[in-house]
Protein chains: 2
Amino acid sequence: MSTVREEKKKTTKKAILQAAIRLFGKNGYKNTTIEQLAKEAGIGKGTVYGYFNTKSEILYAFCEDEMEYIHQQLAGKSNQDDPILEQVLTFFMAEFHYITKNPGFGRLFMQEMIFPKPNFQQGQQDKAVQNYLAMIIPIITRAQERGELRAELDPLDICGHFYALYLILVHSCYAKMTPYDQAETTLRRLFTQVIEGLQTHQTSRSKV
Amino acid sequence: MSTVREEKKKTTKKAILQAAIRLFGKNGYKNTTIEQLAKEAGIGKGTVYGYFNTKSEILYAFCEDEMEYIHQQLAGKSNQDDPILEQVLTFFMAEFHYITKNPGFGRLFMQEMIFPKPNFQQGQQDKAVQNYLAMIIPIITRAQERGELRAELDPLDICGHFYALYLILVHSCYAKMTPYDQAETTLRRLFTQVIEGLQTHQTSRSKV
DNA sequence: AAGAAAAAATGACCGCGGTCGAAATTTCTC
DNA sequence: GAGAAATTTCGACCGCGGTCATTTTTTCTT
């Protein structure tokens with residue numbers, strides 16, 4: 001039983017996230033204080049910490065919601081039988097555009113996402129990863145069935161390869177080594193390379 | 001002229017870094033305050049900010065020194081004509097072990113390194129990257145000359161592929177998806193895959 | 001329904017990263 | 001070498017993230 005308490009908890013958590021969406025969106029992450037957040041959510045400052053352990057955890061939850069939205073938007077669009085290259089490119093470029101739209105924001109998100117604090121909400125983290133994989137793994141296995149990708153490889157590994165290159169792209173943009181308008185070109189080149197392989201071999205190359 | 005002032009500046013900067021080495025090393029990054037650092041360096045708190053813009057910038061400079069040391073140690077050891085796989089594996093695993101020795105530490109370093117603040121000391125950042133590339137690029141070009149890697153690819157791209165996978169490894173360890181004792185196995189597998197390529201093809205594979 | 005126990009909310013408080021204007025030091029000018 | 005100008009040092013101060021003892025609310029017990 002004791003459903004009253006649980007209801008309230010859910011409501012409060014939602015209220016905090018709603019406040020985050022409004023305030024982070026309007027003033028940015030840095031310029032929003034926990035106290036403002038609490039006020040906007042109609043609770044006391046200390047109460048916030050009953051729902052999130054750190055400020056960045058709130059950001060994380062916030063971004064996760066946004067991400068899910070991005071993914072949902074994308075779900076319909078991609079053509080299931082496009083070459084694997086085009087499909088993963090579309091997927092990661094959508095994310096790239098979102099992440100880099102507000103750079104300071106994206107930076108913090110990536111920092112928390114890629115190198116999370118050890119005591120991070122285990123559930124949260126996993127949920128995000130699951131969401132991710134649910135989108136990308138089917139694309140990969142389908143390509144394997146089609147004979148486009150090596151069937152003996154673990155789809156998770158393949159996913160890792162693409163994700164790794166996506167990370168490098170974001171990194172090199174943040175480090176100003178790649179201008180934003182060349183992001184897609186660069187990612188396409190790297191994806192092509194990983195698909196074809198780095199080693200020399202005799203099979204005919206598609207081009208160049 | 002005005003050499004007195006410049007001398008002093010250099011001395012002070014060194015003093016701060018020395019203090020950082022001692023205090024970060026002994027008490028960790030989080031438990032060391034700027035005030036302690038300043039006291040240890042024999043200067044006032046505010047003065048520190050004449051040399052570094054943020055605390056994490058000090059960490060970065062500190063780690064850079066450590067990194068250089070690691071790389072120097074490594075420089076002699078690797079056999080120039082080992083297969084490319086073995087050479088890059090040795091290189092990145094050395095770094096991996098250093099980074100993960102003190103997890104909280106390594107996390108912050110990676111966060112700053114991979115997703116730097118936009119106003120970051122441009123010189124510092126570049127210097128670190130240069131250092132990096134100076135180590136790894138020769139290994140790659142040699143492998144290209146030997147005919148082990150495709151010569152038409154930009155060595156920087158190839159470097160990016162390996163680095164990307166290294167990043168993913170660190171990530172998946174921090175996210176507790178890969179146990180530390182399987183790190184090397186995992187990295188070897190991923191490196192092998194990127195070298196061979198993800199696509200299906202007819203050339204004989206080395207194994208499996 | 002009353003009182004005990006458990007859980008959650010609260011805001012005063014703390015510690016530290018970073019700022020700033022005043023003071024000290026160095027350099028420049030004549 | 002005296003005084004002006006420029007640069008550097010400094011620590012009191014500010015703001016915010018996060019903690020904690022206390023109070024309030026909810027649930028359990030009989």
Side-chain angles (χ1 to χ4, degrees), chain A residues 1-17 19-20 23-24 26-62 104-105 108-109 111-112 116-121, chain B residues 1-17 19-20 23-24 26-62 104-105 108-109 111-112 116-121:
Chain A
M1 329 302 150
S2 76
T3 180
V4 177
R5 205 164 230 161
E6 286 173 17
E7 279 302 314
K8 212 172 169 187
K9 285 212 96 176
K10 272 187 191 167
T11 310
T12 306
K13 187 157 192 175
K14 278 233 174 80
I16 296 174
L17 276 176
L23 294 180
F24 286 175
K26 195 171 65 175
N27 308 325
Y29 176 75
K30 274 259 172 178
N31 299 323
T32 305
T33 72
I34 298 282
E35 223 154 355
Q36 287 175 333
L37 222 50
K39 196 169 197 178
E40 180 87 10
I43 58 177
K45 178 180 176 178
T47 309
V48 174
Y49 288 89
Y51 296 87
F52 299 93
N53 295 316
T54 65
K55 190 186 180 187
S56 62
E57 222 168 80
I58 302 176
L59 176 74
Y60 191 83
F62 167 81
F105 225 65
L108 285 160
F109 176 61
Q111 289 187 343
E112 282 304 325
K117 289 203 185 67
N119 60 344
F120 214 58
Q121 296 265 44
Chain B
M1 326 304 148
S2 76
T3 180
V4 176
R5 205 164 230 160
E6 287 173 17
E7 280 301 313
K8 211 171 168 186
K9 285 213 96 176
K10 271 187 192 167
T11 309
T12 306
K13 187 157 193 175
K14 277 231 175 84
I16 296 174
L17 276 175
L23 293 180
F24 286 176
K26 194 169 69 177
N27 308 325
Y29 176 75
K30 275 260 174 178
N31 298 323
T32 304
T33 72
I34 298 283
E35 223 154 355
Q36 288 174 331
L37 223 49
K39 198 169 194 176
E40 179 88 10
I43 58 177
K45 180 179 175 178
T47 307
V48 173
Y49 287 89
Y51 296 87
F52 299 93
N53 295 316
T54 65
K55 190 185 179 188
S56 62
E57 223 168 81
I58 303 176
L59 175 75
Y60 190 82
F62 168 81
F105 224 65
L108 285 161
F109 176 61
Q111 288 188 341
E112 283 303 327
K117 290 203 185 70
N119 61 344
F120 214 58
Q121 296 264 44

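For clarity, every value in this text was computed on a predicted model and none was experimentally measured. Reminder, nothing fancy here: chain letters follow the sequence lines and each chain counts from 1. Computed over heavy atoms, backbone and side chain alike; hydrogens, waters and symmetry mates excluded.
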Let me know the distance between [atom1] of [X] and [atom2] of [N], rounded to the nearest Å.
X       : N      : atom1 : atom2 : answer
B/Ile16 : D/dT8  : CD1   : C1'   : 12 Å
A/Lys39 : C/dT10 : NZ    : P     : 14 Å
A/Lys9  : C/dA6  : NZ    : C1'   : 13 Å

message: Do A/Ile34 and A/Phe52 make a side-chain contact, defined as non-hydrogen atoms from C-beta onward lying under 4.5 Å apart?
response: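 No, side chains not in contact.
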Parallel, tilted or perpendicular: rings of B/Phe24 and B/Tyr29 (30°, 60°):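 B/Tyr29 vs B/Phe24 ring planes: perpendicular.
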Contacts table for residues 35-49 of chain B: side-chain donor-acceptor under 3.5 angstrom, sequence neighbours left out:
residue : atom : partner : partner atom : Å
B/Gln36 : OE1  : B/Thr33 : N            : 3.0
B/Glu40 : OE2  : B/Arg22 : NH1          : 2.5

query: Do you know the tightest heavy-atom contact between B/Asn53 and B/Glu57?
result: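 Between these two residues, the closest heavy atoms are N-OE1, 3.2 Å.
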- prompt: Which pair of heavy atoms, one from A/Leu23 and one from A/Thr32, lies closest together, and at what distance?
  reply: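 Closest approach of A/Leu23 to A/Thr32, heavy atoms only: O-OG1, 3.4 Å.
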message: Test of understanding: with ring-ring contact (aromatic ring centres under 6.0 Å, His included), list the residues that count as partners of A/Phe105, not counting sequence neighbours.
response: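 Only A/Phe62 meet the ring-ring contact (aromatic ring centres under 6.0 Å, His included) criterion with A/Phe105.
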query: Under 4.0 Å: is that the gap between some side-chain N or O of B/Thr47 and OP1 or OP2 of D/dT8?
result: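 No, no such contact exists.
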task: Report, as a single string ordered 5' to 3', how protein heavy atoms within less than 4.0 Å touch nucleotides 12-23 of chain C: B base, S sugar-phosphate only, - not at all.
output: ----SBBB----
